[in-house]
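In what follows, a single structure is set out as structure tokens and then discussed.
Letters A, B, ... are given to chains in the order of the sequence lines, protein chains preceding strands, and every chain is numbered from 1. The figures here come from the full heavy-atom set of this structure, side chains too, leaving out hydrogens, waters and symmetry mates. It should be emphasised that the depicted structure is a prediction, and the values quoted were computed from it without experimental measurement.
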Amino acid sequence: MSSDGRYKALKGMQDILPPDIYIWQKVENAAREIFSSYGFKEIRPPVVESTDIFVRSIGENTDIVEKEMYTFNDKAERSITLRPEGTASVVRCYVENHLYNLPSPQKYYYSGPMFRYERPQSGRFRQFYQIGVESFGSPHPAMDADIISMLRHFLLRLGLKEVKFQVNSIGCERCRPDYKESLLAFFSDRLGNLCPDCRRRYGINPLRILDCKVERCIEMRADAPRITDSLCHDCRTHFDRLLSLLGILKVEYIVNPDMVRGLDYYTRTTFEVTSESLGSQNAVAAGGRYDRLVKEFGGPETPAIGFAVGMERIVELLKKSVRHEYPAPNLFIANIGDPAGKKSILIADELRNKGLWIELGDNETSLKSQMRRADKLSAEYVFIIGDDEINSGKLKWKRLSDSTNGEISLSEISSFFINK
RNA sequence: GUGGGCGUAGCUCAAUGGUCAGAGUACUAGACUGUGGCUCUAGGUGUUGGGGGUUCGAGUCCCCUCGCCCACCCCA
């Protein structure tokens, strides 16, 4: 409640706690595993960069740059920005470290927090986490297919099947301007019928009219020219070969010519994975090709492609669709009396060194309350040690799931878990 | 930035403008003095988000403010 303390996390920023954290770790582990098997290596660029890095790459007139960046001046009055996305940093890193001198293609993944100053809503936060991948050096549609299929495997590994793959090609610097022109021409005498937002879009980014949600605009654009019909020969060939490879890989996708991305740097292939069950912010992952960005950052002409997945949204889907098992102690040691307490601490020490999760009961409290705690922790086994056990040299064990129990000699403890 | 909804115990929620703001759940302990779950009993917390106003009287009505949620914009 808001009356609780005076100190609260900032708007749009949240603590990630157990048990949720186990789902996060599951996602991170799956990413590491799958991405490694495709030859992607982790890199960790800083979270803060010089502001112009984002302005240059994302685009001066994008919403991200115009109103969503966390931008500050540092003590030397340099403008710095908390990264709103990962690709710009990775490209800067690629160029700065001359990674283009390494054998091509170079493939990297990263994960961590991103920051955008937006009004929070379902699935949208001011600090949010992405895992992303970037592949540098390959212009071939096979790389596009590889990346999309890797994303699919990653989602499948997590057990997420109810997602939609949408792909599109937005052309290149040769064919897109022509398309933009024909789009402007098409809408020019229909402007009055578009919603106010779209009238604004007409001037700033007419492609955005294509994914407007207003019914009237959807009708209005039914006969609008399609980017996929306006691609130049090379872009067309690239796209066709990608689609054919996706077919061979049995990726179920839909071509969505209305899919538009909010960052300026994309060329040719763009794609997005969405889920019905997420509410209005339904993109789980998105990416595309950006063949000119490395050059713009001062590197050699280097085609590249990547994507980013939204951690919070993946985790949300997992919470809804998959049953989770949370880790529990292997053993709880209930102990009564001073000699038993000392013995218990030794046993715990020894078993923890074998990598087991051991919880030690509070010697000062009753056996009953120690048992209750073992139960609440969902410990697999309980050891019971008191004066009797110290004297006889045998302790009692119990498996909580079915109450089976027995005795074991204190000298054989280290082998207790071997056959379990 | 724009619009809508909601703020009562740790959590989920009750309380016609009228006594001292309650219940379930969770937590801790006991009943069972060395064996968890089930049952019963006991225990504690609220500046009713905050501030102001109307009223004999405000959790309830009005205004302001803060926070959260949802949607638009946009995006992961």
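- At whole-Å resolution of the value, NZ in A:Lys67 and P in B:C72 are 13 Å apart.
- Regarding A:Trp397, its CH2 atom lies at a distance of 18 Å from the C1' atom of B:G34, rounded to whole Å.
- Using a 4.0 Å heavy-atom criterion, one finds that A:Asp387 contacts the bases of the nucleic acid, with or without backbone contacts as well.
- Atom CG of A:Asp375 and atom C1' of B:C38 are 11 Å apart (whole Å).
- B:C73 and B:G18 have their P atoms separated by 44 Å, given to the nearest Å.
- Nucleotides B:A15 and B:C72 are separated by 32 Å at their P atoms, to the nearest Å.
- Counting non-hydrogen atoms under 4.0 angstrom, A:Ala286 reaches the backbone sugars and phosphates but no base.
- Note that CZ of A:Phe187 and CG of A:Leu194 are 6.0 Å apart. Values are rounded to the nearest 0.5 Å.
- Other residues, nucleotides and ligands contribute at most 12 non-hydrogen atoms within 6.0 Å of the NZ atom of A:Lys295.
- A:Asn335 has its CG atom 12 Å from the C1' atom of B:G34, to the nearest Å.
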* Pairing annotation in dot-bracket form, given for RNA chain B with Watson-Crick or G-U pairs under 3.5 Å and | for cross-strand partners -> (((((((..((((....[...)))).(((((.......))))).....(((((..]....))))))))))))....
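- The side chain of A:Arg261 places no N or O atom within less than 4.0 Å of a non-bridging phosphate oxygen (OP1 or OP2) of B:C74.
- Nearest to the side chain of A:Ile384, among B:G34, B:A76, B:C74, sits B:G34.
- Both A:Tyr266 and A:Ser366 lie near RNA chain B, and the one whose nearest nucleotide falls closer to the 5' end is A:Ser366.
- A distance of about 12 Å separates the C1' atoms of B:G10 and B:G44, rounded to the whole Å.
- Taking the six-membered ring for Trp and thresholds of 30 and 60 degrees, A:Tyr381 and A:Phe416 have ring planes more than 60 degrees apart, a perpendicular arrangement.
- Taking only side-chain atoms of A:Leu367, from C-beta outward, the nucleotide of B:G34, B:A76, B:C73 with the closest atom is B:G34.
- Taking atom CE of residue A:Met371 and atom P of nucleotide B:U28, one finds them 15 Å apart after rounding to whole Å.
- Nucleotide B:C74 holds its C1' atom 6 Å from the CD atom of A:Glu118, rounded to whole Å.
- A:Glu85 comes within 4.0 angstrom of nothing in the nucleic acid, heavy atoms only.
- Only the P atoms considered, B:A14 is 10 Å distant from B:U8, to the nearest whole Å.
- At the heavy-atom level, A:Asn405 lies nowhere under 4.0 Å from the strands shown.
- By the 30° and 60° cut-offs, the orientation of the rings of A:His153 relative to A:Tyr38 is tilted.
- Ring planes of A:Phe115 and A:Tyr70: perpendicular class, angle over 60° (limits at 30 and 60°).
- The gap from the P atom of B:U16 to that of B:C11 amounts to 23 Å, rounded to the nearest Å.
- Among the heavy atoms of the strands, none lies under 4.0 Å from A:Ile314.
- Residue A:Thr62 is out of contact with every strand shown, counting any heavy-atom pair closer than 4.0 Å.
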Restricting to nitrogen or oxygen on both sides, can you table the protein-nucleotides 31-33 of chain B pairs closer than 3.5 Å?
residue, atom, partner, partner atom, Å
B:C32, O2, A:Lys368, NZ, 2.9

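- To the nearest angstrom, P of B:C11 lies 13 Å from CG of A:Leu17.
- A cation-pi geometry, defined here as NZ or CZ lying under 6.0 Å from the six-membered ring centre and within 45° of its normal, does not hold between A:Arg32 and A:Phe35.
- Remark: the separation of the P atoms in B:G46 and B:A9 is 11 Å, to the nearest Å.
- Between A:Arg83 atom CZ and A:Met69 atom CE the span is 14.5 Å, to the nearest 0.5 Å.
- Residues A:Tyr94 and A:Phe136 bring their aromatic ring centres within 6.0 Å.
- Within the nucleic acid shown, A:Arg116 comes within 4.0 Å of at least one base atom, counting heavy atoms only.
- A:Glu389 comes within contact range of at least one nucleobase, with a heavy-atom separation under 4.0 Å.
- For the pair A:Arg373 and A:Phe332, the cation-pi criterion (under 6.0 Å, within 45° of the ring axis) is not fulfilled.
- As judged by a 4.0 angstrom heavy-atom cut-off over every strand, A:Val284 is placed among residues touching the sugar-phosphate backbone only.
- With a 6.0 Å radius and a threshold of 12 heavy atoms from other residues, nucleotides or ligands, A:Glu162 has its CD atom at or below the threshold.
- For the C1' atoms, the distance from B:A29 to B:U19 is 33 Å, rounded to whole Å.
- A donor atom on one side chain and an acceptor atom on the other are found under 3.5 Å apart for A:Tyr108 and A:Gln106.
- When ring centroids are compared, A:Tyr290 and A:Tyr265 come within the 6.0 Å threshold.
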I'd like a list of close polar pairs between nucleotides 68-71 of chain B and the protein, N/O only, cut-off under 3.5 Å.
residue, atom, partner, partner atom, Å
B:C68, OP2, A:Lys11, NZ, 3.0
B:C70, OP1, A:Ser122, OG, 3.3
B:C70, OP2, A:Ser122, N, 2.8
B:A71, OP1, A:Ser280, N, 3.2
B:A71, OP2, A:Gln121, NE2, 3.3
B:A71, OP2, A:Ser122, N, 3.4

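- Straight-line distance from the CD atom of A:Gln166 to the C1' atom of B:A76: 14 Å, rounded to whole Å.
- A donor atom on one side chain and an acceptor atom on the other are found under 3.5 Å apart for A:Asn335 and A:Asn363.
- With both ends at atom C1', the span from B:U48 to B:G1 equals 33 Å, rounded to whole Å.
- More than 12 heavy atoms of other residues, nucleotides or ligands shown are found within 6.0 angstrom of CD on A:Glu173.
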